[in-house]
Amino acid sequence: MTITVDGSPVDVKNRVLYKAVLLEGVPNMSLVIGYTNASWTLKADLAADYTAQPARAHARSHGHDIATPLASDDDRSEFSVMGEALTSGCHRTRNEVMPRQGTRDPWRLWNNYYRDRAMLQDAPVETAPCAREGRPHGRRRRR
């Protein structure tokens, strides 16, 4: 699958994940990566709930339909989000297409359900720089 923004391809391996869910630099894009040390669906459920409810409600309450998390170069590490956790051959091969691990919150993927639950359900939605666009509700831009 090729991801594009305004017709330009997005190199996912050079991006990080905001709160381990939203792909940096890509408008309204969730990328769910489950836990490597617990049930995959625990993280998938948290991510889906976060994407569908608080993040969307926050954006709409501020008049935004589009939010794009923006990270700095200092927020990216050399490792992929799976690189430190899984080291088998097949995972090392896939390392080249996975987003990078963040160096600090809210860009770091921790593989910790309790930490993620607090971050995705209890913490304020807006803790990172984002580019935002407002559109009249009911009118969506086609891609």
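Worth saying up front: this structure is predicted, and the values here are computed from it rather than measured.
- Taken to the nearest 0.5 Å, the CG atom of D105 stands 6.5 Å off from the CE atom of M119.
- R100 has its side chain out of reach of E78: every pair of non-hydrogen atoms, C-beta onward, lies at least 4.5 Å apart.
- The distance from atom CG of L31 to atom CD of E24, rounded to the nearest 0.5 Å, is 12.5 Å.
- Of all heavy-atom pairs between S30 and L22, the closest is OG-CD2, 3.5 Å.
- Minimum heavy-atom separation, K43 to G34: CB-CA, 3.7 Å.
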Derivation of the ring pair (Phe, Tyr, Trp, His ring centres under 6.0 Å) call for Y35 and W40
CA-CA 5 Å; Y35 293 119; W40 189 269; 8.5 Å; no
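- Rounded to the nearest 0.5 Å, atoms CG (L120) and CG (D49) are 9.5 Å apart.
- When all heavy atoms of S80 and M98 are compared, the pair lying nearest together is CB-CB, 3.9 Å.
- If you take CG on N28 and OG1 on T51, they are separated by 9.5 Å, rounding to the nearest 0.5 Å.
- Grouping the Ile, Leu, Val, Met, Phe, Trp and Tyr side chains by contacts below 4.5 angstrom, directly or via other members, places L42 apart from V32.
- Taking each heavy atom of L70 and W107 in turn, the nearest pair found is O-CZ2, 3.4 Å.
- Once rounded to the nearest 0.5 Å, the distance linking OG of S72 with CZ of R104 reads 5.5 Å.
- Separation of atoms CG (L17) and CZ (R108) is listed at 12.5 Å; rounding is to 0.5 Å.
- With sequence neighbours excluded, no residue forms a salt bridge (Lys or Arg N to Asp or Glu O under 4.0 Å) with D122.
- L109 is listed as a side-chain neighbour of N111, based on a closest heavy-atom distance under 4.5 Å.
- No salt bridge links D75 with R15; every basic N to acidic carboxylate O contact stays at or beyond 4.0 Å.
- Across every non-hydrogen atom of M29 and I3, the tightest pair is CE-CD1, 3.6 Å.
- Residue pairs satisfying the salt bridge (charged side-chain N to carboxylate O under 4.0 Å, His left out) criterion with at least one member in residues 25-36, sequence neighbours excluded, are absent.
- Partners of D45 under the salt bridge (Lys or Arg N to Asp or Glu O under 4.0 Å) rule, at least two apart in sequence or in another chain, do not exist in this structure.
- Closest approach of V16 to R76, counting heavy atoms only: CG1-CG, 3.5 Å.
- W110 and Y114 are not part of a single hydrophobic cluster, where members link through side-chain heavy atoms under 4.5 Å apart.
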Can you check side-chain contact (heavy atoms from CB on, under 4.5 Å) on V12 and V97, steps first, answer last?
CA-CA 6 Å; V12 174; V97 298; over 6 Å; no
